[in-house]
Amino acid sequence: MDKDKLAGYVNKFNKNDEETVRQYIGNEDVYAWMKEQVPYFECSDPEVEETWYFRWWVYRKHIKKTADGFIITEFLPNVPWAGAYNSINCAAGHHINEGRWLRGGKAYMEDYLRFWLRGNGNVRSYSTWIADALYQYCLACGNFQIAMELLPDLIRNYEQWECSHQHKSGLFWSIDDRDAMEYSISGNGLRPTLNSYLYADARAIAKIAGKCGDLKHEAEFSHKAAELKQLIQEKLWDKEIGFFKVYPLESKEMDIMDWNFSSVDAERNVCEEIGFIPWLFELPDAGYERAWKYLRDEQGFEAPFGPVTAERRHKNFMQEHSEHECLWNGPSWPFATTQTLGAMANVLKDYQQDYVTKQDFFTLFSHYTHSHYRIDENGERINWLDENLDPFTGEWLSRKILESWKWKKEKGGYERGKDYNHSAYADILISKIFGVEPQDNGTIKIRPMIPENWEYCKLGNLICQGRAFVICMDKTGEKYGKCGLQIWCDGKLLIESESNLYFVK
């Protein structure tokens, strides 16, 4: 770790910060915490490097010690719709995917997982992918003890979703608000969100059951995952235009006669960014990739601070609602952008298609990086993370609305969305750009996808399955002494190559 560089970032972030809420690690302690916990990263793109450290600086603000152990919060101020200890579960998957890379993440993540599955957390308040996140955490640790411990709770959670939300078709019904996506154009119905999350959870439960020698549940949940995958591909795919959509339905008790999107009311028949979520979990078979042509379409999801959450060609795109500040009918949400980036990386690495390229991914990642700022009252550009963005100007949109309403207490009060922990950033860099993919057989697959315009980059002090990794790339050899990619494990140089697939045993 370059201590001077880290100190410079921390001092900058602290100087520009109004510490409205202090939880377990305050600003006075954050330097020591980051030095101990955060993997080292440097890059020839200064905004990517700065955003890496800014996001970890924000993340630690949300580590909260409670009577039930550590949890990770979403909002810093208390909000009326939260559960115990101001907890909200909808971004728990992002929290766990990010937190698994902390060098001491076990202390936080395992308390947090038990809180949702055995403690006072309401794990079904919103939809989320808790079993999949737990499985990914265990892959990074190389230890499945906590997954095996919590298997009965994972099974119970899934079965309760079946009791409360399963439609007679076999798909799952949800309210858009319970997907944390208020005022979407499509509204309530059979949505790619909850269905994809439960597919991923069923698949993870099956794998965890297999590790426990529980053949009954391994077979049962493998079947559930396969059945749900088939239904999503058959029922939520608009064959005419080629996109996964919400099938609008006001109640899970309602029948659907023809399963034809052409018969859906035009007010609610829409392509939304959630149609990319199935690829986040590598759900679709080959043959559905044409959906990705809409990502860079200027009447689809393309925008300077996008992607937008609903296609621009729909007449209800960015429609205002005077009573609510959080809209999913077009604004850009870091929550969704994180999912889309993860899904897109999977498409580029694991599917054969020519609709999106690596350069498209890097462009979107750059848009995302550059969104982590705002212009303050003094006209200075400062690091910032909030709820959602105007996709054309980059202004934090819900913040603008809440400020115009004089920070109403019932809406969460002053600067409710400041340092909003509802997305991920470091995990995209580690697992997708540097391509660190721990496997369940004790190997680690590394498939870097490094932007062409980076002259150099380095990820160091990364612990995966108990081993310490350094991955670096240097185009000229001037920065790290050798040209090309180097992968080091526990101080030993493993590879110097221009290839893009490695296995570490």
Side-chain angles (χ1 to χ4, degrees), residues 51 55 58 62 74-75 79 81 88-95 97-98 126-129 174-187 191-194 196-197 246 270-277 279-280 294-295 300-312 314 316-321 324-344 364-374 384-402 411-412 416-425 427-428:
T51 303
R55 288 298 302 250
V58 167
H62 291 274
E74 177 177 317
F75 289 98
V79 293
W81 54 92
I88 300 175
N89 75 304
C90 70
H94 288 324
H95 298 162
N97 286 343
E98 200 94 325
Y126 293 88
S127 62
T128 197
W129 53 103
S174 59
I175 301 170
D176 61 351
D177 173 79
R178 293 297 93 188
D179 281 339
M181 298 177 178
E182 306 95 326
Y183 289 92
S184 67
I185 294 173
S186 61
R191 299 170 57 81
T193 43
L194 180 60
S196 295
Y197 301 160
V246 176
V270 60
C271 293
E272 294 169 306
E273 193 181 358
I274 57 175
F276 297 121
I277 287 177
W279 283 275
L280 180 63
Y294 297 105
L295 183 68
F301 298 95
E302 175 70 17
F305 291 88
V308 295
T309 46
E311 60 180 330
R312 292 169 61 176
H314 197 279
N316 293 331
F317 173 74
M318 294 291 286
Q319 186 180 70
E320 293 185 8
H321 290 268
H324 208 283
E325 69 284 358
C326 289
L327 307 177
W328 282 79
N329 60 9
S332 175
W333 283 82
F335 179 96
T337 300
T338 303
Q339 293 179 320
T340 299
L341 282 164
M344 190 178 184
L364 178 56
F365 181 74
S366 180
H367 288 173
Y368 185 38
T369 298
H370 298 332
S371 73
H372 284 76
Y373 296 88
R374 80 172 179 90
W384 198 266
L385 179 62
D386 217 296
E387 296 181 66
N388 64 353
L389 296 132
D390 183 310
F392 305 110
T393 69
E395 183 173 14
W396 292 101
L397 194 53
S398 59
R399 181 184 185 275
K400 175 184 177 181
I401 296 169
L402 290 166
K411 291 287 188 178
R416 178 190 82 187
K418 180 178 179 295
D419 300 318
Y420 189 45
N421 191 26
H422 193 240
S423 58
Y425 188 83
D427 184 61
I428 295 294

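All of these numbers come straight from a predicted model, not from anything done at the bench.
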Separation between CG (Leu327) and OG1 (Thr309), nearest 0.5 Å, reads 8.5 Å

Cation-pi check, Arg55 to Tyr425: give yes when NZ or CZ is under 6.0 Å from the six-membered ring centre and within 45° of the ring axis, no otherwise.
-> no

Side-chain contact test, heavy atoms from C-beta onward, threshold under 4.5 Å: evaluate it for Phe335 versus Trp328 and give yes or no.
-> yes

List in chain and number order the residues that pass side chain to side chain contact (heavy atoms under 4.5 Å, CB included) with Tyr294, two or more places apart in sequence or in another chain; answer none if no residue qualifies.
-> Ile241, Phe243, Asp297, Phe301, Arg313

Can you sort out the partners of Leu280 under side chain to side chain contact (heavy atoms under 4.5 Å, CB included), two or more places apart, ordered by chain and number?
-> Gln339, Ala343

Kindly indicate whether the side chain of Asn329, heavy atoms from C-beta on, has any atom under 4.5 Å from the side chain of Ser184.
-> no

Flag the pair Lys418 and Asp386 as a salt bridge only when some basic side-chain nitrogen lies within less than 4.0 angstrom of an acidic carboxylate oxygen.
-> no

Apply salt bridge (charged side-chain N to carboxylate O under 4.0 Å, His left out) to Arg312 and list each qualifying residue two or more places apart in sequence or on a separate chain.
-> none

Below 4.5 Å, heavy atoms only, C-beta onward: do Arg191 and Ser186 meet side chain to side chain?
-> yes

Within a strict 4.5 Å, meaning less than it, do heavy atoms of the Leu389 and Trp333 side chains meet?
-> no

Below 4.0 angstrom, N of the basic side chain to O of the carboxylate: do Lys400 and Glu387 qualify?
-> no

Heavy-atom distance under 4.5 Å between the side chains of Ile428 and Phe365, does that happen here?
-> yes

Between Tyr368 and Thr51, a side-chain donor and acceptor under 3.5 Å = no

Would you call Trp396 and Asn388 a side-chain contact if the rule is heavy atoms closer than 4.5 Å?
-> no

Is the closest basic N to carboxylate O distance between Glu395 and Arg374 below 4.0 Å?
-> no

